[in-house]
Amino acid sequence: MSQNALVGMESSAVTVLTRAVELDTSSRFQESLICYQEGIQLLLDVLKTTKDDSKKPYYRQKIKGYMERAEQIKIRLNQEKEEGKYHEQIKITENAKGFSFEKLFKPYINEALTEVWVEDPYVRHIHQLYNFLRFCEMLLKSPCEVKTIHLLTSQDGENTNQQTSALTEIQQSLKTHGITLTIDYSTTIHDREIRLVIFNYRTFMLVQLCLINSRFSIGYCDYDLRECHETTVDVFHVKHTKQT
């Protein structure tokens with residue numbers, strides 16, 4: 001590996017680990033754990049690659065410190081989840097960017113995820129239907145085994161045919177990927193909630209999805225560039241027994 005590539009790898013590790021510490025300090029432990037793990041792996045790669053023996057003790061010391069902190073966070077999270085006390089908040093300021101579905105949900109998705117519930121009263125208009133479609137695409141690209149997605153929404157009195165047709169198309173498309181989409185309607189639903197079921201655990205995410213007005217605005221296609229409305233994402237993780 002060239003010296004420039006090695007420097008680039010070390011710079012990436014510093015960036016990721018700096019972010020891990022920031023999230024850790026803000027009590028966003030699940031996200032910080034992901035960053036610690038990614039940063040540690042980058043530092044391990046640097047350690048294996050560097051030919052400067054004088055730097056190796058420094059890298060080992062840093063890796064050891066970050067690994068100890070990551071393990072402490074992991075133990076804390078597991079204990080809170082077992083006790084049903086897990087609660088995390090992600091505060092999004094007005095016009096903030098960088099909160100795509102991948103960014104928000106990645107820390108809570110793993111191979112054990114099999115079932116998802118989405119409660120959103122506003123999956124009606126075209127841009128809202130596309131939001132839901134992008135959410136489904138995110139699940140397909142994630143390292144999980146989702147087999148069923150449940151959508152609970154409200155009906156659009158003015159454009160019922162458009163809403164029904166679009167949701168049916170999404171349903172049929174998901175079926176070709178081995179995922180069943182169930183669709184139910186409610187006249188009283190008013191909050192957004194997403195529940196991820198991971199074996200005998202259930203993660204609740206109360207999410208206010210960001211919206212923009214024009215389909216030709218920056219951020220319409222790339223959600224990392226989309227401006228958000230001010231909101232707070234509440235994440236709860238509770239143990240449950242799946243009903244047979």
Side-chain angles (χ1 to χ4, degrees), residues 1 3-50 52 55-83 85-113 138-139 141-144 194 196 198 201 203-207 210 222-228 230-238:
M1 179 180 290
Q3 185 62 30
N4 287 340
L6 184 61
V7 170
M9 188 186 299
E10 184 174 4
S11 176
S12 296
V14 170
T15 300
V16 174
L17 289 167
T18 299
R19 180 59 177 161
V21 174
E22 291 173 351
L23 292 167
D24 192 350
T25 304
S26 302
S27 299
R28 292 166 62 177
F29 298 118
Q30 187 72 58
E31 292 176 277
S32 70
L33 180 59
I34 297 295
C35 288
Y36 275 127
Q37 291 170 337
E38 292 179 355
I40 289 168
Q41 185 57 57
L42 285 169
L43 272 187
L44 285 170
D45 292 340
V46 171
L47 176 62
K48 287 186 230 178
T49 307
T50 185
D52 188 344
K55 290 185 176 182
K56 291 184 178 181
Y58 170 79
Y59 292 137
R60 292 193 183 99
Q61 182 182 8
K62 284 294 184 181
I63 290 169
K64 180 182 178 183
Y66 288 127
M67 288 181 72
E68 288 176 351
R69 181 54 187 159
E71 186 60 26
Q72 290 171 358
I73 292 175
K74 188 183 297 184
I75 292 172
R76 172 175 178 163
L77 291 176
N78 287 338
Q79 183 176 352
E80 288 181 350
K81 290 172 183 179
E82 285 290 337
E83 296 174 353
K85 298 178 180 179
Y86 181 86
H87 177 211
E88 186 170 355
Q89 281 193 336
I90 303 171
K91 294 185 178 180
I92 302 175
T93 59
E94 186 72 18
N95 298 323
K97 299 177 183 178
F99 290 93
S100 63
F101 289 135
E102 288 81 1
K103 174 74 172 181
L104 280 175
F105 290 94
K106 181 180 177 181
Y108 311 99
I109 293 178
N110 59 42
E111 297 84 356
L113 177 61
M138 180 274 298
L139 290 173
K141 292 167 60 179
S142 300
C144 63
I194 294 175
L196 311 175
I198 302 174
Y201 289 95
T203 298
F204 297 83
M205 298 188 71
L206 308 183
V207 184
C210 50
D222 187 340
Y223 281 20
D224 280 318
L225 299 176
R226 180 173 292 198
E227 293 183 345
C228 299
E230 181 177 354
T231 189
T232 299
V233 179
D234 286 288
V235 183
F236 303 90
H237 193 117
V238 297

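Just the heavy atoms: all of them, side chains too, but no hydrogens, waters or symmetry mates, feed the values below. Keep in mind that what you see is a predicted model, and the values were worked out from it rather than measured.
Contact between Asp224 and Ser100 at its shortest, heavy atoms only, is OD1-OG, 3.0 Å. Smallest separation of non-hydrogen atoms from Leu104 and Pro107: O-CD, 3.7 Å.
Separating the OH atom in Tyr66 from the CD atom in Gln61 is a distance of 10.5 Å, to the nearest 0.5 Å. Between the CE atom in Met138 and the CZ atom in Phe105 there is a gap of 5.5 Å [rounded to 0.5 Å]. Separation of atoms CD1 (Ile34) and CD (Gln30) is listed at 6.0 Å; rounding is to 0.5 Å. Put simply, CG on Leu113 and OH on Tyr108 are 14.0 Å apart, with the number rounded to the nearest 0.5 Å. Between the OG1 atom in Thr49 and the CD atom in Glu10 there is a gap of 11.0 Å [rounded to 0.5 Å]. Rounded to the nearest 0.5 Å, atoms CD1 (Ile73) and CG (Asp24) are 4.0 Å apart.
Each salt bridge (Lys or Arg N to Asp or Glu O under 4.0 Å) pair with one or both residues in residues 13-22, not counting sequence neighbours, appears once here: Arg19-Glu22. For residues 90-110, every residue pair satisfying the salt bridge (Lys or Arg N to Asp or Glu O under 4.0 Å) rule, not counting sequence neighbours, is listed here: Glu38-Lys106.
Although no hydrogens or angles enter the test, the distance criterion places a donor-acceptor pair under 3.5 Å between the side chain of Asn78 and the main chain of Lys74. A distance-only check finds no donor-acceptor pair linking the side chain of Ser11 to the backbone of Gly8 [under 3.5 Å].
Enclosure of atom CE in Met67 is not indicated, since only 12 or fewer non-hydrogen atoms of other residues, nucleotides or ligands lie within 6.0 angstrom.
Partners of Gln72 according to the side chain to side chain contact (heavy atoms under 4.5 Å, CB included) rule, which considers only residues two or more places apart in sequence or in another chain, are Arg69. With sequence neighbours excluded, the residues satisfying side chain to side chain contact (heavy atoms under 4.5 Å, CB included) with Leu42 are Met9, Ser12, Ala13, Val16. Partners of Leu47 under the side chain to side chain contact (heavy atoms under 4.5 Å, CB included) rule, at least two apart in sequence or in another chain, are Lys56, Tyr59, Arg60, Ile63. With sequence neighbours left out, the side chain to side chain contact (heavy atoms under 4.5 Å, CB included) criterion links Asp52 to Thr50, Ser54, Lys55.
Between Cys35 and the options Leu23, Leu17, Val21, Thr15, a side chain to side chain contact (heavy atoms under 4.5 Å, CB included) holds for only Leu23.
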Audit row: Val233, Phe99, side chain to side chain contact (heavy atoms under 4.5 Å, CB included) steps and yes/no: CA-CA 11 Å; Val233 179; Phe99 290 93; over 6 Å; no
